[in-house]
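Heads up: the structure comes next, in C-alpha cells.
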Amino acid sequence: METALLGRYPSGRTEVPVLNSSRVVCCAALLTSVPTIGCAQMVEEKVAEAVVTSALQTSRNGGVGRNIAELEQRDELGCINDPEAAAADAAARPPVGLFPATCIDKVADGAHLHADFADCTGVFGRVSLSGGMDAVFEPVGDCRMHADINDSGDFTANDRPLDYEADADILYQDGYRDVNWAAHWEGTTRRGREVEQTSTLHVLVDDETNCLDIVGTTEGRVDEWDFSTVIQDLAVCPDACPSAGVVEAELEGRLRDRSISVEFDGSDVARVKGWTGREFEVEMVCGSE
C-alpha cells in the first residue's frame, strides 16, 4: 500500500513518500513545465519536508562540531587565550546532546584535540555517531578562539560515511558563547535521505541550557532537491523541537522560481506556506526514542 504523502500522518511521523507510476508521470509533467494542481501540491509537500529535514540537520550536525570545539568558559578562569589551554578545556568538557556521556573519548595534544565517538546517540536521539574528529585551536583576539574542525576520515552517522569540516570563531561572553560557523558536510539520515549542506551561521549558545539561537544561510540538497535557505531566529534546545524561527527556502534548477516558508513554534509540526499559496503542516520527530 502506498505511503501517504507528507503533512500530518496518523502515525505521528513524517515518512519518505513512495510514488506509484502514475504519480511519477505526474511529477515528470510538472518538472517539464506542464503542471497540474495535484502534482504541484505533491511536489510542494515533498520540498517542504526536505526543507524541514535540512533545518533540523543544521542544528544536529552543528552539535557534532560543538562537542569538539566549544569550551566551557568558567568564570574563575577568565578568558582562555592560550590554544593549548583551550584544547585541554575542550577535552575535559562532557558531551552535550550525545548519550551516553562516556561515548566520546577526547585527548588534547598541545593546541590539537582528537575525539573518538563510539556509537553515540545523537541529538534528538536520531543519529548513531562513530569515528574520529579533530580540532586545532588558535587565538584570534581577547576572549575569542578560532577552531578548525575536520573528520578523521572514518566518521559515520547511522553506519554511513559522514564527511564534515567546519571553521568556528568563538567569542566568550557572560552566560553564553557567540559563535560564527562556516561548515560543509554530507551524509545520509537514518531514514535514508541523502543530505549535503554548506552553511554560514551565527549561533548564540546558552552556557546553562545549551539552547541555540541560530541565524544565517545554507545551500545544499536533500535527495533530489537543491535549494538555498535563509534562517531567521531559529531557537532549539537539546532533545526538543525548535521553539521558534522561520526558514525561507528558494529552490534551484527547474523550480528556481519556487519558494516556501517554514515556521516553527515549539510543537511537533512545522507550519508551511507553499508557492501555490497553500498552508499545511509537516510533522517532526524531535524527542529521544
Exercise. Side chains of His202 and Asp178: is there a donor and an acceptor less than 3.5 Å apart?
Worked result: yes
Exercise. Do you know which two heavy atoms are closest between Asn81 and Arg144, and how far apart they sit?
Worked result: OD1-N, 4.3 Å
Exercise. What pair of heavy atoms forms the shortest contact from Val247 to Ala55, and how long is it?
Worked result: CG2-CB, 4.1 Å
Exercise. Atom CD in Glu250, atom CH2 in Trp275: separation rounded to 0.5 Å?
Worked result: 11.0 Å
Exercise. Do the side chain of Lys106 and the main chain of Arg93 share a donor and acceptor less than 3.5 angstrom apart?
Worked result: yes
For this session: Could you tell me whether Glu45 and Arg278 have a side-chain N and a carboxylate O separated by less than 4.0 Å?
Result: yes
For this session: Calculate, to the nearest 0.5 Å, the distance between atoms CG and CG belonging to Asn150 and Asp163 respectively.
Result: 10.5 Å
Exercise. Would you say Asp82's side chain and Glu84's backbone share a donor-acceptor pair under 3.5 angstrom?
Worked result: yes
For this session: Determine whether the side chains of Ser130 and Asp119 contain a donor N or O and an acceptor N or O closer than 3.5 Å.
Result: no
Problem set entry | Closest heavy-atom pair and its distance - Ala86, Met145 | CB-CE, 3.8 Å
Exercise. Roughly how far, to the nearest 0.5 Å, is the CG atom of Leu162 from the CG atom of Leu129?
Worked result: 7.5 Å
Exercise. Considering all heavy atoms of both residues, which atom of Ser267 and which atom of Cys241 are nearest to each other, and what is their separation?
Worked result: O-CB, 3.4 Å
Seminar exercise, completed: Looking only at heavy atoms, the pair that brings Gly131 and Phe155 closest together is C-CD1, 3.6 Å
Exercise. Around atom CG of Asp154, are there more than 12 heavy atoms of other residues, nucleotides or ligands at under 6.0 Å?
Worked result: yes
Exercise. Is Phe280 linked to Ile260 within one hydrophobic cluster, defined over Ile, Leu, Val, Met, Phe, Trp and Tyr using a side-chain heavy-atom separation of less than 4.5 Å?
Worked result: yes
Exercise. Do the non-hydrogen side-chain atoms of Ser261 and Glu248 ever get within less than 4.5 Å of each other?
Worked result: yes
Problem set entry | Beyond-backbone contact of Thr217 with Glu219, side-chain heavy atoms, under 4.5 angstrom | no
For this session: Side-chain contact test, heavy atoms from C-beta onward, threshold under 4.5 Å: evaluate it for His114 versus Asp109 and give yes or no.
Result: no
Exercise. In the single-linkage hydrophobic clustering (I, L, V, M, F, W, Y; side-chain heavy atoms under 4.5 Å), do Leu204 and Ile231 co-cluster?
Worked result: no
Problem set entry | Spacing of OG belonging to Ser259 relative to CZ belonging to Phe227, to within rounding of 0.5 Å | 13.0 Å
For this session: Evaluate the side-chain proximity of Leu171 to Cys143: yes if any heavy-atom separation is below 4.5 Å, no if none is.
Result: yes
Exercise. With side chains defined as the heavy atoms from C-beta onward, is the minimum distance between Asp151 and Phe117 less than 4.5 Å?
Worked result: no
Exercise. Measuring from His112:NE2 to Phe137:CZ, what's the distance to the nearest 0.5 Å?
Worked result: 9.5 Å
For this session: For the residue pair Leu56 and Pro242, establish whether any side-chain heavy-atom pair is separated by less than 4.5 Å.
Result: yes
For this session: Evaluate the criterion salt bridge (charged side-chain N to carboxylate O under 4.0 Å, His left out) for residue pair Arg221 and Glu196; output intermediate values, then yes/no.
Result: CA-CA 5 Å; Arg221 63 176 173 83; Glu196 181 178 4; 3.4 Å; yes
For this session: Supply the atom-to-atom distance Asp116 CG to Asp134 CG, rounded to the nearest 0.5 angstrom.
Result: 8.5 Å
For this session: Spell out, as yes or no, whether a donor-acceptor pair under 3.5 Å connects the side chain of Thr209 to the backbone of Cys211.
Result: yes
Problem set entry | Derivation and outcome, side-chain contact (heavy atoms from CB on, under 4.5 Å), residues Glu138 and Asp169 | CA-CA 9 Å; Glu138 178 185 6; Asp169 284 318; over 6 Å; no
Seminar exercise, completed: Note: Val179 and Ala168 closest approach over all heavy atoms is CG1-CB, 4.2 Å
Problem set entry | pair Tyr176-Val205: side-chain heavy atoms closer than 4.5 Å | no
For this session: Decide yes or no on side-chain contact (heavy atoms from CB on, under 4.5 Å) for Asp233 and Val215, but give the supporting numbers first.
Result: CA-CA 5 Å; Asp233 300 320; Val215 298; 3.6 Å; yes
Problem set entry | Candidate list Glu279, Glu281, Glu263, test salt bridge (Lys or Arg N to Asp or Glu O under 4.0 Å), partner Arg271, passing option | Glu281
Exercise. So do Arg258 and Val47 actually touch side chain to side chain, heavy atoms under 4.5 Å?
Worked result: no
